[in-house]
Amino acid sequence: MRVTKAIKAEQIRILEETYPDAKPALTYNSPFELLVAVVLSAQCTDERVNIITARLFPTYSNPADMLALGVSKLEVLIRDCGLYRAKAANLIKTCDILVHTYHGEVPESFDELIKLPGVGRKTANVLVSVLFGVPAIAVDTHVFRVSNRLGLAKGKTPEEVEEKLKKAIPMEKWSAAHHWLIWHGRKICKARKPLCGECPLAPVCPSADKEA
DNA sequence: CTCCCGATAT
DNA sequence: ATATCAGGAG
């Protein structure tokens, strides 16, 4: 199947129709909490992050309190999400910067966010999109995999996929499309065993299984 | 490019 | 046993 511009438009239409209520699956009650949750979510399911933040946020819901907690104690609290030493060290450094440079607030620009330790392109895109309403497409493992399989945006790196997605999708739908693709990756277009048999995009997907 | 890393699904 | 999970730093 050749994925034409018309087919890409149809893919986007079906995604929008299938996942109208797509939103972040991470639980948070402030910009700082979302920042922490997204940093913790690297190579970890959002479900597990929610378990960890549920026992973290009641006591440590702002950068000053988390900074006072310290690296080693934070490591213990977030151990179950993996990559915990790097995440703890980065989060404490970021808390220090938030407290001493941004008056305890989360900065609103992509350029400022991406300078924070532990905050890369994907996390910064999530934050500006979800928190501050900036049109953005964060390319995580799901968006990367689904976009490549659909032929909606093929690329060898997340940044390349991000560029192509922005060309294939109208800007007003960027932030929503990011969530459509994640939901689709989680529920249907799974990494290991994609459920092509029950996928509404199968007719317009070049990677769909050809089964009965 | 490698390394970080525990929990879960297959 | 191994691949994968809302990646980022060195």
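Convention: sequence-line order gives letters A, B, ...; per-chain numbering from 1. These numbers were taken from a predicted model, which means no experiment stands behind them.
- If you check every strand for non-hydrogen atoms under 4.0 Å, A:Arg192 touches a base.
- Straight-line distance between the P atoms of B:dA9 and C:dA6: roughly 12 Å, to the nearest whole Å.
- A:Arg186 has a side-chain polar atom (N or O) that falls below the 4.0 Å cut-off from OP1 or OP2 of C:dA6.
- A:Asp46 has its CG atom 13 Å from the C1' atom of B:dA7, to the nearest Å.
- No contact: A:Pro158 has no heavy atom under 4.0 Å from any strand.
- Across all strands, A:Val119 comes closer than 4.0 Å only to sugar-phosphate atoms, never to a base (heavy-atom distances).
- Nearer to the 5' terminus of DNA chain C, by closest-nucleotide assignment, is the contact made by A:Ala191 (compared with the other of A:Lys93 and A:Ala191).
- As a whole-Å value, the separation of A:Asp140 CG from C:dA6 C1' is 4 Å.
- One atom, CG of A:Leu131, and another, P of C:dA6, lie 19 Å apart when rounded to the nearest Å.
- You'll find the ring centres of A:Tyr19 and A:His184 inside the 6.0 Å limit.
- Atom CD1 in A:Ile52 sits roughly 13 Å away from atom P in B:dC5 (whole-Å rounding).
- Within the 4.0 angstrom heavy-atom criterion, only backbone atoms of the sugar-phosphate kind lie near A:Gly120; the bases stay farther away.
- Between A:Arg48 and B:dT8 there is a side-chain polar atom (N or O) within less than 4.0 angstrom of OP1 or OP2.
- Counting any heavy atom pair closer than 4.0 Å across all strands shown, A:Leu40 reaches no nucleic acid atom.
- With P as the reference atom, B:dT2 and C:dA3 are 15 Å apart, rounded to whole Å.
- If you take NE2 of A:His178 and C1' of C:dG7, they are 13 Å apart, rounded to a whole angstrom.
- Distance, A:Leu127 CG to C:dG7 P: 13 Å, rounded to whole Å.
- Linking Ile, Leu, Val, Met, Phe, Trp and Tyr whenever their side-chain heavy atoms come within less than 4.5 Å leaves A:Leu165 and A:Val128 in two separate clusters.
- The side chain of A:Thr123 places no N or O atom within less than 4.0 Å of a non-bridging phosphate oxygen (OP1 or OP2) of C:dG7.
- In this structure, CZ of A:Arg79 is placed 8 Å from P of B:dG6, rounded to the nearest angstrom.
- Comparing A:Leu34 and A:Lys115 by the nucleotide of DNA chain C whose heavy atom lies nearest to each, the residue mapping closer to the 5' end is A:Leu34.
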(request) Would you sort out whether A:Asn50 and A:Thr27 count as a side chain to side chain donor-acceptor pair (under 3.5 Å), showing the intermediate values? (result) CA-CA 6 Å; A:Asn50 287 337; A:Thr27 55; 3.1 Å; yes
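- Here the separation of C:dG8 from B:dA7, taken at their P atoms, is 22 Å to the nearest Å.
- With the nearest nucleotide of DNA chain B identified for both A:Lys190 and A:Cys44, A:Cys44 has the one nearer the 5' end.
- Side-chain atoms of A:Arg145 come within 3.5 Å of backbone atoms of A:Gly185 as a donor-acceptor pair (strictly under, hydrogens ignored).
- Taking each heavy atom of A:Phe144 and A:Pro158 in turn, the nearest pair found is CE1-N, 3.7 Å.
- Listed nucleotides: C:dA6, B:dC4, B:dG6. Nearest to the side chain of A:Thr45: C:dA6.
- Taking atom CZ of residue A:Arg145 and atom P of nucleotide C:dA3, one finds them 15 Å apart after rounding to whole Å.
- A salt bridge links A:Lys166 with A:Glu162: the closest approach of a Lys/Arg side-chain nitrogen to an acidic carboxylate oxygen falls below 4.0 angstrom.
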